[in-house]
Asker: 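Handing you this structure, nothing more for now.
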Amino acid sequence: MNRTTPVIPAEDIQRQKEYCAELRSLNAQRPAPPRAYVDTYGCQQNEADSELIRGMLADMGYEITGTDQGADVIVINTCAIREHAEQRVFGNVGALVHGKRKKPDQVICLCGCMAQEAHVADRLRQSYRHVDLVFGPQQLWRFPEFLRRVLLRRGRVFETAPVDGAIAEGLPVYRSGRLKAWVSIMYGCNNFCSYCIVPYTRGRERSREPEIILKELKELAEQGYKDITLLGQNVNSYGKDLEGGWDFPRLLEEAAGIPGDFLLRFMTSHPKDATEKLFDVMARCEKAAPVIHLPFQSGNTRVLTAMNRRYTREQYLEKVAALRARIPDVVLTSDVIVGFPGETTPEFEDTLSLIEAVRFDALFTFIYSPRKGTPAAEMDDPMSKEEKSANFDRLVAAQNRISLEKHQAYIGTVQRCLIDGLGEDPRHGLTARTAGGRLVHLDGDPSLIGRFADIRITDCSTWALFGELDAEPS
Ligand code: 5AD
Ligand code: SF4
């Protein structure tokens with residue numbers, strides 16, 4: 001297929017596999033298999049990347065463990081979206097120095113979006129000398145080569161120079177679940193929202209080829225996966241760099257045509273590119289879950305313009321109306337930022353009124369965090385922290401009330417849910433998800449995990465629904 005983004009040549013991927021084989025034979029000589037631990041921060045894209053890292057580590061002969069204690073290789077897959085996430089990473093990476101003193105041959109790696117920030121790489125180089133390997137998201141496919149270099153030469157490796165993104169296919173995946181799977185359909189972002197670091201850390205938008213994605217989805221369906229999420233920073237840009245008239249609605253519709261009993265979700269959708277065509281496909285494809293994450297970020301058009309979001313409050317509300325006209329009970333979730341530079345309290349109140357108008361099922365609320373190198377970090381930001389926190393608290397209180405009211409409306413209904421795991425509360429031994437992705441606690445036998453079942457909703461909280469099996473699971 002002709003395309004405008006580069007694809008890593010098969011022979012380069014093959015070379016990485018040869019490095020894996022070389023390390024696998026070295027590891028096989030050890031008395032017990034060495035262990036590797038991968039810790040993931042941030043978004044689902046990072047979760048998916050970590051499954052690739054675990055896949056490569058397993059291919060190199062490492063046993064994947066759930067703890068850094070005594071691990072031979074530790075990989076920290078980081079997030080740069082907010083200051084708070086970065087501070088946590090620095091704190092946790094700093095603490096690893098004690099384990100490494102006890103086990104000097106341990107290899108500590110840091111990857112993900114933080115690795116692509118020059119000031120982070122400098123700080124790691126100078127003040128975190130126990131970190132052996134640092135590489136950015138565009139270099140993920142070269143991890144076997146980098147780890148080999150660290151192990152065989154025992155030097156530090158920093159591969160953090162900005163590189164153009166490409167598509168790397170054929171890497172092994174180590175999936176952590178048997179029911180739920182992430183599938184990246186594209187990488188990068190071209191939107192440059194003025195507050196966001198992602199376009200700088202993950203590079204330009206590039207799509208995987210539809211045939212490869214559809215083949216992967218078919219295999220997942222055959223393996224019994226029941227809940228598959230298609231991932232991209234903005235899935236609605238899918239296909240812009242491909243020939244053949246591909247776009248996201250077409251991909252979703254073809255994916256929904258794959259035989260099997262599974263649901264398809266996707267995230268994230270930029271509202272400016274969420275089209276009626278997409279909503280039509282969601283409405284007519286039974287396998288497309290009736291849920292959409294549609295971040296609005298602010299309810300005020302001036303703030304949206306300063307954010308470079310390229311839609312107005314009214315356009316956002318029109319999209320929601322067009323969606324609900326087709327799927328009246330669609331589950332709608334969103335992201336919102338409070339305290340963007342220059343946002344006044346009356347402008348913030350437009351955000352409050354937007355959530356009252358839309359009534360989202362759930363909202364991910366963030367206080368603005370300046371990110372070095374983004375345009376918003378240079379803007380005047382006169383509002384005090386206290387005032388931002390007060391606005392934030394008002395927003396959270398309003399949304400909690402709406403979430404509770406939305407959950408109350410489920411009581412007495414029967415929902416087809418996927419029973420997906422064990423609960424923590426002994427009175428509700430199982431957890432399940434509605435098609436729209438709402439969490440349900442219920443009692444039942446663990447042998448039901450992995451089955452779809454009709455659940456009668458009997459009670460709720462702000463965060464979850466409670467129910468009981470209504471009929472024999474299908
Ligand atoms: N400060 C606060 N929140 C941010 N987000 C992205 N960048 C920032 C920032 N600098 C939020 C947006 C986005 C979500 C993933 O994180 O709401 O949709
Ligand atoms: Fe960041 Fe905007 Fe791209 Fe989302 S669409 S990753 S918020 S720049």
Side-chain angles (χ1 to χ4, degrees), residues 40-49 78-88 112-114 116-117 119-120 137-138 165 184-207 229 231-238 240 248 266-274 292-300 303-311 316 319 332-343 348 351 354-355 360 362-379 381 383 385 388-389 391-392 395-396 399:
T40 314
Y41 294 76
C43 64
Q44 279 81 5
Q45 184 59 58
N46 263 13
E47 295 289 350
D49 285 351
T78 64
C79 170
I81 203 123
R82 282 174 294 275
E83 176 77 27
H84 178 70
E86 290 201 354
Q87 293 311 342
R88 267 180 58 220
C113 285
M114 277 173 74
Q116 207 60 71
E117 292 180 287
H119 66 101
V120 171
Q138 274 71 267
S184 299
I185 62 163
M186 58 177 300
Y187 306 94
C189 181
N190 288 358
N191 287 316
F192 289 94
C193 300
S194 62
Y195 50 81
C196 187
I197 192 79
V198 169
Y200 306 91
T201 59
R202 286 199 174 265
R204 297 293 63 73
E205 284 172 359
R206 51 214 187 268
S207 308
T229 305
L231 289 178
Q233 241 68 47
N234 175 19
V235 292
N236 298 328
S237 292
Y238 178 78
K240 284 187 182 164
F248 182 62
F266 52 90
M267 69 189 312
T268 289
S269 283
H270 195 304
K272 78 176 161 55
D273 307 312
I292 187 165
H293 184 65
L294 202 60
F296 73 99
Q297 312 296 3
S298 164
N300 176 275
V303 176
L304 286 170
T305 307
M307 288 177 163
N308 193 30
R309 291 291 287 178
R310 285 171 283 168
Y311 53 84
Y316 185 87
K319 294 264 166 162
L332 192 55
T333 62
S334 198
D335 293 341
V336 54
I337 298 176
V338 174
F340 183 80
E343 182 187 62
F348 161 75
T351 289
L354 188 139
I355 73 157
F360 295 101
L363 197 57
F364 298 87
T365 46
F366 307 106
I367 292 195
Y368 169 72
S369 170
R371 306 283 65 214
K372 210 176 184 156
T374 62
E378 307 300 318
M379 295 177 187
D381 192 2
M383 191 184 276
K385 268 196 178 138
K388 288 187 182 188
S389 292
N391 287 343
F392 182 81
L395 182 69
V396 170
Q399 180 58 41

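Numbering of ligands and ligand atoms starts at 1, following listing order. Reckoned from all heavy atoms, side chains included, excluding hydrogens, waters and symmetry mates.
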Asker: Looking at Gln233, which atoms of ligand 2 are within less than 4.0 Å of one of its heavy atoms?
Answerer: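 The atoms of ligand 2 under 4.0 Å from a heavy atom of Gln233 are 6 (S).
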Asker: Hey, what's the ring geometry for Tyr311 with His270, parallel, tilted or perpendicular (30° and 60° as the breaks)?
Answerer: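 Tyr311 and His270: perpendicular rings.
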Asker: So Ile337 and Ser298, do their side chains get closer than 4.5 Å, heavy atoms only?
Answerer: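 No, side chains not in contact.
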Asker: Taking Leu294's backbone N and O only, do any of them form a donor-acceptor pair with Tyr316's side chain (distance below 3.5 Å, no angle check)?
Answerer: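 Side chain of Tyr316 to backbone of Leu294, a donor-acceptor pair under 3.5 Å: yes, one is there.
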Asker: Under the 3.5 angstrom rule, does the side chain of Thr351 hit a backbone N or O of Gly299 as a donor-acceptor pair?
Answerer: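 The answer is yes, because a donor-acceptor pair under 3.5 Å joins these two groups.
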Asker: Relative to the heavy atoms of Arg371, which atoms of ligand 1 are at a distance of less than 4.0 Å?
Answerer: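 Selected atoms, number and element: 10 (N).
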Asker: Going by heavy atoms in the side chains, are Lys240 and Asp273 under 4.5 Å from each other?
Answerer: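 Yes, their side chains come closer than 4.5 Å.
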Asker: Please check this pair: side chain of Lys319 against backbone of Ala274, looking for a donor-acceptor N/O pair closer than 3.5 Å.
Answerer: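 Side chain of Lys319 to backbone of Ala274: a pair is present.
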Asker: Using a strict cut-off of 4.0 Å, indicate which atoms of ligand 2 neighbour a heavy atom of His270.
Answerer: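 Atoms satisfying the 4.0 Å criterion: 5 (S).
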Asker: Numbering the atoms of ligand 1 from 1, which are under 4.0 Å from a heavy atom of Ile367?
Answerer: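 Result: 2 (C).
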Asker: For atom 7 (S) of ligand 2, find the nearest protein heavy atom and state the residue, atom name and distance (0.1 Å precision).
Answerer: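 Ranking protein heavy atoms by distance from atom 7 (S) of ligand 2, first comes Tyr195 OH, 3.4 Å.
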Asker: Which bit of Arg309 is near ligand 2, meaning a heavy atom under 4.0 Å away: side chain, backbone, both or neither?
Answerer: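 Looking at Arg309 and ligand 2, just side chain atoms fall under 4.0 Å.
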Asker: Between Cys193 and atom 2 (Fe) of ligand 2, is there a contact where an N/O/S atom of the residue lies under 2.8 Å from the metal?
Answerer: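 Yes.
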Asker: Considering only the protein, which heavy-atom contact is closest to atom 14 (C) of ligand 1, and what is its distance?
Answerer: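 The answer is Asp335 OD2, 3.4 Å.
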Asker: Can you check whether Glu83's main-chain N or O pairs, donor with acceptor, with Ser369's side chain at less than 3.5 Å?
Answerer: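 Present.
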Asker: Anything under 30° is parallel, anything over 60° is perpendicular, the rest tilted; go ahead and classify Phe296 against Phe360.
Answerer: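 Rings of Phe296 and Phe360: parallel, under 30°.
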Asker: How far is atom 10 (N) of ligand 1 from its nearest protein heavy atom, and which residue and atom is that?
Answerer: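 Residue, atom and distance for the closest contact: Ser369 O, 2.8 Å.
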Asker: Please determine if atom 1 (Fe) of ligand 2 has an N/O/S atom from Cys189 lying under 2.8 Å away.
Answerer: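 No - counting backbone and side chain alike, Cys189 has no N, O or S atom under 2.8 Å.
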Asker: Under 4.0 Å, heavy atoms only, figure out whether ligand 2 is touched by the backbone of Pro199, its side chain, both or neither.
Answerer: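 Side chain only.
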Asker: Would Tyr195 and Gln297 count as having a side-chain donor-acceptor pair, cut-off 3.5 Å?
Answerer: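 Their side chains do contain a donor-acceptor pair, which is all the 3.5 Å distance test asks for.
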Asker: Heavy atom of Thr374 under 4.0 Å from ligand 1?
Answerer: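 Checking ligand 1 against Thr374, which is what was asked, there is no heavy-atom contact under 4.0 Å.
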Asker: Show the atoms of ligand 2 that are less than 4.0 angstrom away from any heavy atom in Asn191.
Answerer: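 Those atoms are 5 (S).
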Asker: Report, in ascending order of atom number, the atoms of ligand 2 lying under 4.0 Å from any heavy atom of Val198.
Answerer: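 Here the atoms of ligand 2 in question are 6 (S).
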Asker: Any N/O of Arg82 closer than 3.5 Å to an N/O of ligand 1?
Answerer: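 Yes; at least one N/O pair falls below 3.5 Å.
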Asker: Could you tell me which atoms of ligand 2, counted from 1 in the order shown, lie closer than 4.0 angstrom to a heavy atom of Cys196?
Answerer: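 Close to Cys196: 1 (Fe), 6 (S), 7 (S), 8 (S).
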Asker: Could you identify the single nearest non-hydrogen protein atom to atom 7 (N) of ligand 1 and state the distance to 0.1 Å?
Answerer: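 Going by distance alone, atom 7 (N) of ligand 1 is nearest to Tyr195 CD1, 3.3 Å.
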Asker: Is the side chain of Arg202 donor-acceptor paired with the backbone N or O of Cys189 at a distance under 3.5 Å, no angle test?
Answerer: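 Checking the backbone N and O of Cys189 against the side chain of Arg202, no donor-acceptor pair under 3.5 Å is found.
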Asker: If the cut-off is 4.0 Å to any non-hydrogen atom of Gln297, which atoms of ligand 1 fall inside it?
Answerer: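 Close to Gln297: 12 (C), 13 (C), 17 (O), 18 (O).
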Asker: Closer than 4.0 angstrom: is that true for some heavy atom of Arg202 and an atom of ligand 2?
Answerer: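 No, that is not the case, since the closest heavy atom of the residue is not under 4.0 Å from the ligand.
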Asker: Between Cys113 and Ile81, is the side-chain contact (heavy atoms from CB on, under 4.5 Å) condition met? List the steps.
Answerer: CA-CA 8 Å; Cys113 285; Ile81 203 123; over 6 Å; no
Asker: I'd like to check atom 4 (Fe) of ligand 2 in this structure: does the protein have a heavy atom lying under 4.0 Å from it?
Answerer: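 No.
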Asker: Just need the protein heavy atom nearest to atom 6 (C) of ligand 1, so name the residue and atom and give the distance.
Answerer: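 Checked against all protein heavy atoms, atom 6 (C) of ligand 1 sits closest to Ile81 CG1, 3.3 Å.
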Asker: With Arg82 as the cation and Phe366 as the aromatic partner, state whether NZ or CZ is under 6.0 Å from the six-membered ring centre and within 45° of the axis.
Answerer: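 Yes, a cation-pi geometry.
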Asker: Heavy atoms, side chains only, cut-off 4.5 Å: are Arg309 and Pro271 in contact?
Answerer: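 Sidechains of Pro271 and Arg309: in contact.
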